[in-house]
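Here's the structure we're looking at; comments come further down.
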2 protein chains.
Amino acid sequence: MEFDVGARLRAVRETHDLSQRALAKRAGVTNGTISLIEQNRVSPSVGSLRKVLEGIPMSLSDFFALQALPRQKVFFPAAELMEIGGGAISYRQVGRDLSERGLQVLHEHYRAGADTGRAFLRHQAEEAGVVIRGRLEVVVGDQRRILGPGDAYYFDSRLPHRFRNVGDEDCELVSACTPPSF
Amino acid sequence: MEFDVGARLRAVRETHDLSQRALAKRAGVTNGTISLIEQNRVSPSVGSLRKVLEGIPMSLSDFFALQALPRQKVFFPAAELMEIGGGAISYRQVGRDLSERGLQVLHEHYRAGADTGRAFLRHQAEEAGVVIRGRLEVVVGDQRRILGPGDAYYFDSRLPHRFRNVGDEDCELVSACTPPSF
DNA sequence: TTATTGTGTTTAAAATATTGAACGCTCTAA
DNA sequence: TTAGAGCGTTCAATATTTTAAACACAATAA
């Protein structure tokens with residue numbers, strides 16, 4: 001509700017690696033103005049705030065939209081991806097708790113010969129993926145195909161499906177499913 | 001990029017069937033202030049604009065987003081950037097017509113230095129991806145991070161965001177978005 | 001040390017926004 | 001006609017923001 005213009009401007013400026021003076025020069029205002037705004041010692045006019053943001057550059061809409069959404073965890077270093085499989089098949093999920101989210105993205109690794117077995121029917125789900133490395137056999141309904149690097153699939157998850165690494169080495173792919181299935 | 005604060009305020013006020021005086025009373029300012037703002041003879045401070053909008057009521061974010069909506073349609077760069085094998089960024093979409101589908105998966109390739117430009121707010125979308133190769137700078141709202149192989153991201157697409165290949169070589173990633181954004 | 005360059009902050013003066021009270025106008029009702 | 005109420009606009013006085021220039025501090029190099 002309370003919109004902290006000063007703190008928001010400071011955050012935006014710092015993420016763009018600009019000093020108060022550098023931004024002031026690009027925006028056509030003085031550094032003192034930016035200092036005072038960031039301390040909330042003044043409430044800038046819309047006109048001067050727009051000038052300042054043009055030095056970023058960022059629109060007023062984006063500036064005010066930032067605080068409209070809760071700040072979420074966005075970045076997931078490789079080491080932080082959540083390991084789900086662990087055995088011959090490794091599912092590394094982007095994000096931990098997907099209960100509030102609508103998308104599940106997995107970085108998958110199959111050992112040679114690894115097999116999912118038959119997966120279950122799921123309601124209202126769709127999934128797709130791209131093979132990065134190795135050779136993956138994909139069976140969906142009555143169709144079967146072996147996919148290599150760059151090949152992809154997309155199907156309705158209600159169809160019975162199965163994945164198997166039919167190559168000699170590890171198989172790597174990135175897949176997505178909506179809504180999340182587990 | 002010109003934002004007509006006065007015309008926008010007048011339009012909003014009139015759609016809520018409020019006179020300048022009625023709105024002024026509810027907002028705790030004088031009618032003259034509203035008159036001057038609507039004529040663009042002054043550029044209101046963020047503080048007083050917020051007070052005025054509280055009399056509607058409307059958030060600053062919504063106020064500025066109103067004019068952002070047509071812009072995001074007009075400047076939405078996806079159609080141009082997604083030419084397969086086209087410019088510095090290649091999007092290879094899994095599936096052809098996604099109009100009936102809920103998931104969009106792309107195998108993306110960025111040339112060194114390639115940049116998406118700033119993307120704008122979208123409706124109710126979520127997106128995530130995993131970097132396969134190269135170094136990708138991701139900016140989401142006021143957050144920024146450089147991701148390498150195996151690193152991932154997940155965010156609400158309504159936040160302004162941007163991608164850039166900051167490495168010396170090509171960058172490859174697989175991304176997913178639900179519902180499809182283009 | 002000493003000077004230099006870079007931060008962010010502060011302060012009086014200038015520029016701008018806001019107020020409070022008027023003005024001119026168009027209605028409607030007596 | 002007349003009075004009254006409502007509308008948006010304008011103007012001088014007041015309040016606030018913005019400027020320009022200085023201040024204080026930290027890091028760096030001579």
Side-chain angles (χ1 to χ4, degrees), chain A residues 1-64 66-67, chain B residues 1-67 139 141-146:
Chain A
M1 200 66 136
E2 281 301 309
F3 196 106
D4 190 338
V5 173
R8 176 56 53 190
L9 176 59
R10 176 157 294 179
V12 167
R13 176 176 62 80
E14 288 176 347
T15 62
H16 286 76
D17 288 328
L18 292 169
S19 68
Q20 289 182 344
R21 280 179 170 81
L23 176 55
K25 186 173 182 180
R26 295 169 57 157
V29 299
T30 62
N31 61 302
T33 298
I34 291 177
S35 176
L36 293 169
I37 292 171
E38 289 186 352
Q39 298 171 81
N40 285 320
R41 295 188 29 188
V42 299
S43 177
S45 72
V46 171
S48 57
L49 180 58
R50 186 186 58 218
K51 280 206 298 184
V52 169
L53 292 175
E54 280 171 357
I56 298 284
M58 170 176 281
S59 72
L60 285 161
S61 171
D62 287 343
F63 181 80
F64 288 104
L66 290 181
Q67 194 154 311
Chain B
M1 213 49 174
E2 282 302 310
F3 195 104
D4 191 337
V5 173
R8 174 54 54 187
L9 176 59
R10 177 157 292 177
V12 167
R13 176 176 64 79
E14 288 176 346
T15 62
H16 286 77
D17 287 328
L18 292 168
S19 69
Q20 290 182 344
R21 281 181 171 78
L23 176 55
K25 185 173 182 180
R26 295 169 57 158
V29 300
T30 62
N31 62 301
T33 298
I34 291 177
S35 177
L36 294 169
I37 292 172
E38 289 186 352
Q39 298 171 79
N40 285 322
R41 299 197 14 199
V42 299
S43 178
S45 71
V46 171
S48 58
L49 180 58
R50 186 185 57 219
K51 280 206 299 186
V52 169
L53 291 176
E54 280 170 357
I56 299 280
M58 170 176 283
S59 71
L60 285 163
S61 172
D62 287 343
F63 182 79
F64 288 104
L66 290 179
Q67 189 151 320
V139 180
D142 61 351
Q143 302 182 65
R144 189 189 54 171
R145 192 78 153 258
I146 294 176

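The structure displayed is predicted, hence computed values, not measured ones. First the proteins, then the strands, lettered A, B, ... as listed; each starts at 1.
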Practice item. Find the distance between OG (Ser45(A)) and CD1 (Ile37(A)) and round it off to the nearest 0.5 Å. Key: 8.0 Å
Check your understanding: 5'-most contact on DNA chain C: Ser43(B) or Asn31(B), nearest heavy atom basis?
Key -> Ser43(B)
Review point. Which pair of heavy atoms, one from Met58(A) and one from Asp62(A), lies closest together, and at what distance?
Key: CG-CB, 3.8 Å
Practice item. Starting from P on dA17(C), measure out to CD on Glu38(B) and report it in whole angstrom. Key: 16 Å
Check your understanding: Once you round it to whole Å, what is the distance between C1' of dA22(D) and CG of Leu36(A)?
Key -> 14 Å
Practice item. Return the value, rounded to whole Å, for the distance between atom CD of Gln39(B) and atom C1' of dT10(D). Key: 9 Å
**Study point:** Closest approach of Arg13(A) to Leu18(A) (non-hydrogen atoms, all atoms of both residues)
**Key:** NH1-O, 2.8 Å
Review point. Between Arg50(A) (CZ) and dT18(D) (P), how many Å, whole number?
Key: 13 Å
Practice item. Please state whether the phosphate of dT18(C), meaning OP1 or OP2, lies under 4.0 angstrom from any side-chain nitrogen or oxygen of Ser48(B). Key: yes
Practice item. Provide, to the nearest angstrom, the distance between the CD1 atom belonging to Ile34(A) and the P atom belonging to dT7(C). Key: 12 Å
Exercise for review: Considering just the side-chain nitrogens and oxygens of Arg13(B), establish if one lies under 4.0 Å of OP1 or OP2 belonging to dC7(D).
Suggested key: no
Review point. Just by modelled atom types, is the Gly6(A) backbone N or O under 3.5 Å from a matching donor or acceptor in the Asn40(A) side chain?
Key: yes
Check your understanding: OP1 or OP2 of dT9(D) less than 4.0 angstrom from a side-chain nitrogen or oxygen of Gln20(B), does that happen here?
Key -> yes
Review point. Does Thr30(B) place a side-chain N or O at less than 4.0 Å from the phosphate oxygens OP1/OP2 of dG20(C)?
Key: no
Check your understanding: Looking only at side-chain N and O atoms, does Arg10(A) come under 4.0 Å of OP1 or OP2 in dT9(C)?
Key -> yes
Review point. What does Ser45(B) touch in the nucleic acid at a heavy-atom separation under 4.0 angstrom: a base, only the sugar-phosphate, or nothing?
Key: sugar-phosphate
Revision key, fill the gap. Between Ala24(B) and Thr30(B), the two heavy atoms sitting closest are CB-C, 3.6 Å
Review point. Quick one: Ile37(A) CD1 to dT9(C) P, roughly how many Å, whole number?
Key: 12 Å
Check your understanding: Looking across every strand, which nucleic acid part, if any, lies under 4.0 Å from Ser35(A) by heavy atom: base, sugar-phosphate, or nothing?
Key -> base
Exercise for review: Specify the separation, in whole Å, of atom CG of Asn40(A) and atom P of dT10(C).
Suggested key: 13 Å
**Study point:** Closest listed nucleotide, where the reference is the side chain of Arg21(B) and the choices are dT9(D), dT19(D), dT18(C)
**Key:** dT9(D)
Review point. NA contact type, Thr33(A), heavy-atom cut-off 4.0 Å: base, sugar-phosphate, or nothing?
Key: base
Review point. How many Å lie between CZ on Arg41(B) and P on dT18(C), as a whole number?
Key: 13 Å
